[in-house]
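Below is one structure, written out as structure tokens; comments come after it.
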Amino acid sequence: AKLVVRTAKAAGKLGKDALVVRLMDGDPATFNGLAEEATALHKAGIPFEIVPGVSAATAVPAYAGIPLTHNGSRGVHVLSASDSKVDYARSAAADTTVVLFATAETLGDALVRLRDAGRDGETAVSVTTDGTTIHQKTHTFTLDEAEKALAGSGVTGAVVAVKVTVKVAVSPAFANDTVEGETVAS
């Protein structure tokens, strides 16, 4: 937040037409620090506007053909797997879809914690890497199979894991002539 304020003040010295753009991936209001930066700019008297983006929490599952809700859904919980304070018991109900923002290093532990909190081990899990790119891959398995499936999956880098209550995914958006993706069932 300090860097944004400092940069905006420096740009302001260049003249009234100076503009600073702070670009964030996905939705700036989801795990991206928007509240802190907007508060700092407001306190400094610097005008700003927010242009919302599309969160990976909804974009990646949609592009992978995975609906987050259905007629029996009661909620969608978006969690950060790196947050040690997450109470997975709050997301253990079968009618709740869980979207995890995770890295390859934090994903397995988060899925084990969700299962240990009471989520049925037979629940379907989809892990999508490189979502909405031509390198997108979606791995599917059950919660009980997660540790073994992830160990042999080659999942690296940042991932978005979608824990869904939906039994069947729809046809993936990337399954067309211009963009290629891969679905891997374990």
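Side chains included, hydrogens not; waters and symmetry mates left out as well; all remaining heavy atoms used.
- Partners of Arg90 under the side-chain hydrogen bond (donor to acceptor under 3.5 Å, both in side chains) rule, at least two apart in sequence or in another chain, do not exist in this structure.
- Note on residues 98-114: no pairs pass salt bridge (charged side-chain N to carboxylate O under 4.0 Å, His left out), not counting sequence neighbours.
- Among residues at least two apart or in separate chains, ring pair (Phe, Tyr, Trp, His ring centres under 6.0 Å) pairs with a member in residues 100-120 are Phe31-Phe101.
- A donor-acceptor contact shorter than 3.5 Å links the side chain of Arg119 to the backbone of Ala93.
- Taking all atoms of both residues into account, the shortest heavy-atom contact from Phe141 to Ala149 is CD2-CB, 3.5 Å.
- In this structure, Thr128 and Gly131 approach most closely via the heavy-atom pair CG2-CA, 4.1 Å.
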Is there a side chain to side chain contact (heavy atoms under 4.5 Å, CB included) between Asp130 and Lys137 once you walk through the steps?
-> CA-CA 7 Å; Asp130 297 317; Lys137 288 186 180 180; over 6 Å; no

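- In this structure, the separation between NE2 on His135 and OG1 on Thr129 is 10.5 Å, given to the nearest 0.5 Å.
- Ala92 approaches Ala117 most closely through the heavy-atom pair CB-O, 3.7 Å.
- Side-chain contact check for Leu114 versus Ser91: some heavy-atom pair is nearer than 4.5 Å.
- The stretch residues 103-133 participates, sequence neighbours left out, in no ring pair (Phe, Tyr, Trp, His ring centres under 6.0 Å) pair at all.
- For Arg6, there are no salt bridge (Lys or Arg N to Asp or Glu O under 4.0 Å) partners two or more places apart in sequence or in a different chain.
- When side chains are defined from C-beta on, Leu107 counts as touching Leu100, because their heavy atoms get closer than 4.5 Å.
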With a 3.5 Å cut-off and sequence neighbours excluded, list the donor-acceptor pairs that the side chains of residues 35-62 form with protein atoms.
from: Glu37; atom 1: OE1; to: Arg22; atom 2: NE; distance (Å): 3.3
from: Glu37; atom 1: OE2; to: Arg22; atom 2: NE; distance (Å): 3.3
from: Glu37; atom 1: OE2; to: Arg22; atom 2: NH2; distance (Å): 3.2
from: Thr39; atom 1: OG1; to: Ala35; atom 2: O; distance (Å): 2.8
from: Ser55; atom 1: OG; to: Ala57; atom 2: N; distance (Å): 3.0
from: Thr58; atom 1: OG1; to: Ser55; atom 2: O; distance (Å): 3.2

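- To the nearest 0.5 angstrom, Thr69 atom OG1 is 12.0 Å from Asp95 atom CG.
- Considering every non-hydrogen atom in both Glu122 and Thr142, the closest pair reads O-CG2, 3.9 Å.
- Tracing side-chain contacts under 4.5 Å through hydrophobic residues (I, L, V, M, F, W, Y), one reaches Leu34 starting from Val5; they form part of the same cluster.
- Within the 4.5 Å cutoff, side-chain heavy atoms of Leu111 are placed close to those of Leu150.
- Gln136 and Thr138 make their closest contact through NE2-OG1, 4.1 Å (heavy atoms, listed as atom of the first residue, atom of the second, distance).
- Note on Leu143: it clusters hydrophobically with Val86, by side-chain heavy-atom contacts below 4.5 Å among ILVMFWY residues.
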